[in-house]
Amino acid sequence: MIVVDKIDDVRKIVKKQKSQGMSIGLVPTMGYLHEGHLSLVKKAKENSDFVCASIFVNPIQFGPNEDYDKYPRDVKRDVKLLEENGCDLVFIPSVEEMYPNERLTTVSVSKITNKLCGAYRPGHFVGVCTVVTKLFNIFTPDIAVFGQKDAQQVAVIKKMVDDLNIPVKIIKAPIVREKDGLALSSRNIYLDADERKAALVLSKSLKEAKIMLEKGEKNASLIINIVKEVLKQEPLCEIQYVSCVHPDTLEDLTTIDDRALIALACYIGKTRLIDNLLWGEDI
Ligand code: PAF
């Protein structure tokens, strides 16, 4: 696996691969990799010839009171994992390499970024869209893979790619969970033993929603209520939001006719966790 930290090196390598007829797959990450990220690499391998990953903790997608400084980092381990999982190139730029000058240009998607996580993390999606656009311009990938765990991020990036005619196919990969149901997240490392147990309430609440949906429930408010009821049973859990929306438009649903996204964010102690259930769509 090739490890590079300069944009020019990525461009040269990608150009050579493309000249040999290889398609390029990209898995953007912020590092501290877990099985969820590795499933994205696997998906990229299934859908492209030359698989690239990026590891960059993007400062501009963190709010002033968020965890940029303490975000977990272990680049050495990440490189080893990527290599073992068949990644061909990893790009690990410095902040100066990605943002060398005063930033006067950003990419922002309106409307669908004002709700769910976006409502509580102002500026977050401008940071995400800006860095992802830069990565798309650096790698010019044929496909890029994003995890369904960040369901709003996937919807926003798909919309951005569509609106701006960026020639890349966005592929979604399903949420990867621990055996007990907890969705994998680099932020799970923040949880102490009691919080780790308490965090199971997120997936438990979505399981209840799934049972109701399987029984034919179509009323979105009832689904939201059952999820909230389960979450409220856990004293360490503070609900930020529970929503039932269309997976692409993120419009609130009143009736669930076919596809739906039940998305939630909660604090478990000081750690903000998200989880979701995608209904009516196999990915
Ligand atoms: O999902 C993430 O890890 C980040 O938001 C991303 C897409 C790598 C952009 O920094």
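As the structure lists them, so they are numbered: ligands from 1, and atoms in each ligand from 1.
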Need the ligand 1 atom indices (1-based, order shown) with element for anything under 4.0 Å from a heavy-atom of [X].
X: Val131; answer: 9 (C), 10 (O)
X: Pro28; answer: 8 (C)
X: Gln153; answer: 1 (O), 2 (C), 4 (C), 5 (O), 7 (C)

Exercise for the section: Starting from atom 3 (O) of ligand 1, find the nearest protein heavy-atom neighbour and note its residue, name and distance. Expected result: Met30 CG, 3.5 Å
Practice task
Quick one: look up the protein heavy atom nearest atom 9 (C) of ligand 1 and list residue, atom name and how far away it is.
Solution key: Gln61 OE1, 3.3 Å
Practice task
Return the set of residues passing side chain to side chain contact (heavy atoms under 4.5 Å, CB included) with Leu40 (not counting sequence neighbours), or none when no residue passes.
Solution key: Val27, Val145, Ala173
Practice task
Specify whether Phe56 and Tyr99 have parallel, tilted or perpendicular ring planes, treating 30° as the upper limit for parallel and 60° as the lower limit for perpendicular.
Solution key: tilted
Exercise for the section: Return yes if some donor-acceptor pair links the side-chain N/O of Thr140 with the main-chain N/O of Asn137 below 3.5 Å, else return no. Expected result: no
Practice task
Check which hydrophobic residues are tied to Leu184 through side-chain heavy-atom contacts below 4.5 Å, counting indirect links as well, and list them.
Solution key: Val176
Practice task
Decide yes or no for Val227 and Glu208: does some side-chain heavy atom of the first lie under 4.5 Å from some side-chain heavy atom of the second?
Solution key: no
Practice task
Kindly confirm or rule out an N or O of Thr29 lying under 3.5 angstrom from an N or O of ligand 1.
Solution key: no
